[in-house]
Amino acid sequence: KVSMKKFLPLFAFWLLLACESPELTEAVSLDSLVPLPSRMDVPDDRGFTAVQGSVRFVGIPEDDFAEMEEWPQSADGLPIIWRKEEGDALSLQGYWLDISADSVVILAAGDAGVHAALSTLKQLVPTSHWPEKKGDPIRLGFAWPQVHIEDEPAFEYRGMHLDVCRHFMPIEFIEKYLDNLALHKFNRFHWHLTEDQGWRIEIKKYPKLTEVGAWRSASQTGAYSEQRFDSTRYGGFYTQEEARHIVDYARRRGITVIPEIEMPGHSLAALAAYPELSCTGGPIEVAHGWGVFDDVYCAGNPEVYTFLKGVLDVVMDIFPSPLIHIGGDECPKTRWESCSKCQLEMERNKLKDEHALQSHFITRMERYLNAHGRNIIGWDEILEGGLAPNAAVMSWRGTAGGIQAASMEHEVVMTPGKPLYFDHYQFNPGEEPVAIGGFNSLMDVYAFNPVAGVPAEYHRYILGAQANVWTEYMETSDHVEHMVQPRASALSEVLWLGGKRPGEDAAFRQAMDYHIQRLQAMGWKYAPYEFKKIATDEAQ
């Protein structure tokens, strides 16, 4: 946890600022940064650096840092200098930032640290100077506080997920989503691309995946219990070129895209396109409704593995991520139990039951990815029947699966439904757009600790955490934005600081009072309800 003592000089500094020069009062308080840096020191002769006219980047490769594009640049502008740290003083994702009277110096071991430093600088720009629309420059003519920051994240993996299968989201929104992640120093984007309700990535070798699998003839509407459906054809997909664009867009913002290709369950869209890969042979439709369905890939059919290897070949070519997500969750065994091919596969490999058959399926796909220099990550059901040798686990059914995997010395990303499912309500179901159910408030997220309950000797296997955004009830990007923010801001701080800031909940709430202006400047449609509740609580 960050020490309160080292932040005390900052409060006096901002009091002095408010009482001194009126033209400097627009400078941004260091305490409003989200996530808060782990250490900030204000010099005794505290002052300001005027950012006027232009800036000049030194030692930062322009093609690798999209953040630079927003800044007006010229040869005589304020220098922003990257000095590469080759020793052990800094972690690979950490940075030092020194703002003095005549320069800004970033000390970082690699690109990740520079991205984080540039995000901090962006947040130190008053929102009145932010671009009015995408592509516009930052409007200079403001003051930065002179400060020395030494900063690094508590967790290596800081992720956000997005399901584009239940409801498809356009490329422009994916870019906006990534912009939001970059501002908050997230470094993983988990892109959920295949499901029962739609296949969203072009695989030219298997054209029916997008000709058939990307479209459903109806969609479930209203509450799940009502089982009501419209009659509208719905769908969409990303071309390979669009997917490559997103990978590059994310890379230039310090974010790795982790694609998810579901197997062996949640596969109706693929089976509708190629029913011969099912246990029954079809016919099969792309799912209209939400839920879990019995038809899954046939684990005893060699053509299934050939097909999935062909899909993964394309996925690996598009996505350089060391991790490929293979799903592995909610796979009914009903079809396997009555399938002669699956039963023969079990007998041939001496598998005791269908859970072991799923482990066998996952392990076969893991070996293929390992042979190509990649590792798999899957939902915690991949523990059932035996965990594949090199697999990482996303623990969503609470944290128990993650603790079990860590005790087996496997890497883990914590993503428990409570509090990291952002498809749940966040304030008052009567005032919010429809959600799947549950309740995860802003402060529930802020209280989360990824290593809570994990024995100390296994902490090193907990890579970090991720929030999940399942879109059954999110038909529009506006609705997604409402569900994501401000909860993603809270998660970003949890994962960066590894705990709460000095002053804890009250200090974070105060920071959010300003930080919400940054969301507004991005055009982000956040949920305001938590702030109403805070105001009510404090009034009482």
Side-chain angles (χ1 to χ4, degrees), residues 34-35 127 130 133-134 159-184 186 189-192 197 219-224 234 236 290 415-448 465-494 508-509 511-537:
V34 178
T127 55
W130 280 29
K133 64 179 186 298
K134 188 170 182 175
M160 285 291 297
H161 156 284
L162 182 63
D163 162 26
V164 294
C165 300
R166 277 52 176 257
H167 284 102
F168 181 74
M169 299 294 153
I171 284 289
E172 294 76 17
F173 176 68
I174 304 300
E175 292 177 352
K176 185 178 183 181
Y177 199 85
L178 290 166
D179 291 341
N180 192 290
L181 301 194
L183 182 73
H184 291 87
F186 286 103
F189 171 48
H190 175 176
W191 204 6
H192 187 80
Q197 294 83 11
S219 299
Q220 188 168 338
T221 62
Y224 180 82
Y234 181 89
W290 324 132
T415 180
K418 181 68 178 177
L420 297 186
Y421 267 42
F422 287 1
D423 56 347
H424 292 189
Y425 289 105
Q426 54 196 310
F427 178 71
N428 184 343
E431 296 183 41
E432 292 191 80
V434 65
I436 198 168
F439 181 80
N440 289 325
S441 74
L442 175 70
M443 302 315 289
D444 288 336
V445 177
Y446 195 60
F448 178 67
Q466 170 180 291
N468 295 330
V469 184
W470 303 104
T471 61
E472 286 95 335
Y473 297 93
M474 303 180 208
E475 297 184 27
T476 67
S477 58
D478 284 1
H479 194 167
V480 172
E481 292 180 24
H482 174 98
M483 302 303 281
V484 165
Q485 286 290 7
R487 290 185 287 192
S489 297
L491 180 60
S492 75
E493 182 149 312
V494 166
F508 176 70
R509 290 170 175 175
M512 288 303 298
D513 285 341
Y514 185 89
H515 189 67
I516 214 74
Q517 297 177 41
R518 298 186 182 111
L519 300 182
Q520 292 168 347
M522 295 182 75
W524 197 274
K525 296 173 177 60
Y526 59 92
Y529 304 111
E530 184 70 31
F531 298 97
K532 292 180 184 176
K533 182 176 185 295
I534 290 167
T536 302
D537 289 348

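Remember, it's a predicted structure, so these values are computed and weren't measured experimentally. Computation of the quantities below employed the complete heavy-atom set of this structure, encompassing side-chain atoms and omitting hydrogens, waters and symmetry-equivalent molecules.
Closest of all the heavy-atom pairs between Y473 and H479 is O-CE1, 2.8 Å. Between L420 and T415, the shortest heavy-atom contact is CD1-CA, 4.1 Å. Between F427 and E432, the closest heavy-atom pair is N-OE2, 2.7 Å.
Qualifying side-chain hydrogen bond (donor to acceptor under 3.5 Å, both in side chains) partners for E175, counting only residues two or more places apart in sequence or in other chains: K134, H245. Partners of A447 under the side-chain contact (heavy atoms from CB on, under 4.5 Å) rule, at least two apart in sequence or in another chain, are K500. Every residue was checked against the ring-ring contact (aromatic ring centres under 6.0 Å, His included) condition with F422, not counting sequence neighbours, and none meets it. The salt bridge (Lys or Arg N to Asp or Glu O under 4.0 Å) test applied to R518 returns no partner, not counting sequence neighbours. Annotation: salt bridge (Lys or Arg N to Asp or Glu O under 4.0 Å) contacts of E475 (sequence neighbours excluded): none. Scored by the ring-ring contact (aromatic ring centres under 6.0 Å, His included) test, Y446 finds F508 as partners (sequence neighbours excluded). With sequence neighbours excluded, no residue forms a ring-ring contact (aromatic ring centres under 6.0 Å, His included) with F186. The side-chain hydrogen bond (donor to acceptor under 3.5 Å, both in side chains) search around S492 returns none, not counting sequence neighbours. For F168, the side-chain contact (heavy atoms from CB on, under 4.5 Å) partners at least two apart in sequence or on another chain are R200, Y234, Y238. H515 is linked by a ring-ring contact (aromatic ring centres under 6.0 Å, His included) to H184, counting only residues two or more places apart in sequence or in another chain. The salt bridge (Lys or Arg N to Asp or Glu O under 4.0 Å) check on D444 picks up K418, with sequence neighbours excluded.
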Trace of the side-chain contact (heavy atoms from CB on, under 4.5 Å) decision for V434 with Y425
CA-CA 8 Å; V434 65; Y425 289 105; 4.1 Å; yes
List the steps and the verdict of ring-ring contact (aromatic ring centres under 6.0 Å, His included) for H190 and W470.
CA-CA 12 Å; H190 175 176; W470 303 104; 7.4 Å; no
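Side-chain contact between F448 and P416 is present, with heavy atoms from C-beta onward closer than 4.5 Å. Proximity of V469 to Y177: side-chain heavy atoms (C-beta onward) are separated by under 4.5 Å at one or more points. Using a 4.5 Å cut-off on side-chain heavy atoms (C-beta onward), Q426 and H482 make contact. Two residues are said to be in side-chain contact when any heavy atoms from C-beta on lie closer than 4.5 Å; L442 and V445 fail this criterion. Using a 4.5 Å cut-off on side-chain heavy atoms (C-beta onward), T471 and D423 make no contact. Contact of the I174 side chain with the L162 side chain is registered, since non-hydrogen atoms from C-beta on lie closer than 4.5 Å. A 4.5 Å side-chain heavy-atom check between L183 and V34 finds every atom pair outside the cut-off.
Interatomic distance, M474 CE to R166 CZ, rounded to the nearest 0.5 Å: 11.0 Å. Remark: T127 OG1 to I516 CD1 distance equals 11.5 Å, nearest 0.5 Å. Separation of atoms CZ (F189) and CE (M160) is listed at 9.5 Å; rounding is to 0.5 Å. Rounded to the nearest 0.5 Å, atoms CG (L178) and CG (L181) are 5.5 Å apart. The CD atom of E472 lies 10.0 Å from the OH atom of Y224; values are rounded to the nearest 0.5 Å. Atom CD of Q466 sits about 6.5 Å away from atom NE2 of H161, to the nearest 0.5 Å.
The backbone N or O of Y421 lies less than 3.5 Å from a partner atom in the side chain of N440, making a donor-acceptor pair.
Contacts classified as salt bridge (Lys or Arg N to Asp or Glu O under 4.0 Å) and involving residues 480-491 (residues at least two apart or in different chains) are given here: K176-E481.
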